[in-house]
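Structure first, then comments.
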Amino acid sequence: MAEDVPLTRMEKLALKLGEWSNEDPRGKWLQNHWLRGVSYVWVRAVVADRIFVDGLEDMMALRPEKGVMLVSNHRSFFDQYCLMLGCFMGPVPWAKHLYFPVRSNFFYDHPLGMVVNHGIAGGAMYPPIYRQSERRALNDEALDKMVEIVQHQGNVLGMHPEGTRGKGDDPYTFLPAQPGVGKLALVGKPMVIPAFVLGLSNNLAADIRLNFTKEGRPKHPVITVFGPPLDFSDLMAEKPRPTLYKKTADRFMAEIKKLGEREKQLRADIASGAISLDDSRWLNERGAPKLYAKEGRF
């Protein structure tokens, strides 16, 4: 598809590599093992001791008949790694193949971005979304790809309804939901699961340091809250239109906001000692393998 839209040589290379890593069975097989055998190992080592996950057991009990779309807030560059660790360390049996659509800026137009995407995420930051209006055709094709992704059982598509990171002082205040997420849900009809993540900064070195301090868990926990699948069947019955896409995305954000209130209470309970530091919801208390994230039985 890159041949029909003006792209730089770097962008064409990044796109081809992304397509191979996610659309070719050999590439996806390699990516899956890279995420489970390399990315998982080092990400777990540097941050998992601080991660507390609520709702994971309910996630593990689900049996979706097709792909799942995880919709979450977006505060840090590393939010999706928390979701990945939760799925891998559960383990969540239906989370077999991961996809995280990303803005094309940096990850698809810069050499370092390609290194981050493929060296750390195994190329799972795919498909890219372009800002430029002249590349709208690529975004239309990306939507088609995402619709196809969620048709298949075992696929997990991570989405941020806000479309970009919230940079305000209050992490419980969100940016407006973008209609694209609503359109994807109404067209693809996946199981949609909301999540709220908070606790990571954009300073990787500082986050790693906190993971190895006694204050990490009680004072600086990274909390992920998974909610139950969302019912939007009433919206699917309506005539498709842009205002409906926005309404759907707004409903998703409203549920994410509710999870934010749940996270706030969990954070207070951890700080007060009401939740112990050996609670089974701390990821490192689950006894998951350290060197490879085995798939759960589905």
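Values reported hereafter were calculated over all heavy atoms of this structure, with side chains retained and with hydrogens, waters and symmetry mates removed.
Both Leu259 and Leu230 are part of a single hydrophobic cluster, where members link through side-chain heavy atoms under 4.5 Å apart. Cluster annotation: Val71 is connected to Ile129 through the hydrophobic network of ILVMFWY side chains, with a link wherever side-chain heavy atoms come within less than 4.5 Å. Hydrophobic clustering (ILVMFWY, side-chain heavy atoms < 4.5 Å, transitive): Leu204 and Val47 are in one cluster. Residues Met59 and Met84 share a single hydrophobic cluster, defined by chaining ILVMFWY side chains whose heavy atoms lie under 4.5 Å apart. Taken together through direct or relayed side-chain contacts under 4.5 Å among Ile, Leu, Val, Met, Phe, Trp and Tyr, Val43 and Leu200 form part of one hydrophobic cluster.
Residues Tyr99 and Met146 fail the side-chain proximity criterion, which asks for heavy atoms closer than 4.5 Å.
Remark: side-chain polar atoms of Asp79 are paired, donor with acceptor, to backbone N or O of Arg75 under 3.5 angstrom. A donor-acceptor pair under 3.5 Å is formed between the side chain of Arg251 and the backbone N or O of Asp231. Counting only distance, with no hydrogens or angles, the side chain of Trp282 and the backbone of Ser276 share a donor-acceptor pair below 3.5 Å.
The two atoms that bring Ala249 and Pro179 nearest to each other are CB-CA, 4.4 Å, heavy atoms only. In terms of heavy-atom proximity, Glu285 sits nearest to Leu277 at OE2-O, 4.2 Å.
Under 3.5 Å, the side chains of Asn22 and Lys28 contain a donor-acceptor pair of N or O atoms. Inspection of the Arg36 and Tyr40 side chains reveals no N or O donor paired with an N or O acceptor under 3.5 Å.
By the side chain to side chain donor-acceptor pair (under 3.5 Å) test, Asp250 is found to be paired with Lys246, residues two or more places apart in sequence or in another chain being considered.
Pairs engaging residues 221-248 under the ring-ring contact (aromatic ring centres under 6.0 Å, His included) rule: Phe232-Phe252 [sequence neighbours left out]. Note on residues 53-91: pairs passing ring-ring contact (aromatic ring centres under 6.0 Å, His included), not counting sequence neighbours, are His74-His160.
When the shell of 6.0 Å around CG of Leu291 is examined, it contains 12 or fewer heavy atoms from other residues, nucleotides or ligands. By the neighbour-count criterion of 12 heavy atoms within 6.0 Å, atom CZ of Arg63 is densely surrounded, having more than that number from other residues, nucleotides or ligands. In this structure, Lys257 places its NZ atom where only 12 or fewer heavy-atom neighbours from other residues, nucleotides or ligands lie under 6.0 Å away.
With salt bridges taken as basic N to acidic carboxylate O contacts below 4.0 Å, one links Glu57 and Arg286. In summary, Glu261 and Lys258 do not engage in a salt bridge, as defined by a charged side-chain N under 4.0 Å from a carboxylate O.
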**Q.** Verdict with supporting geometry, Val222 and Asp207, side-chain contact (heavy atoms from CB on, under 4.5 Å)
**A.** CA-CA 10 Å; Val222 179; Asp207 280 319; 5.7 Å; no
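For the side chain to side chain contact (heavy atoms under 4.5 Å, CB included) criterion with Glu263, the lone passing option out of Val197, Val225, Asn73 is Val225.
The cationic atom of Lys264 (NZ for Lys, CZ for Arg) does not lie both less than 6.0 Å from the six-membered ring centre of Phe196 and within 45° of the ring axis.
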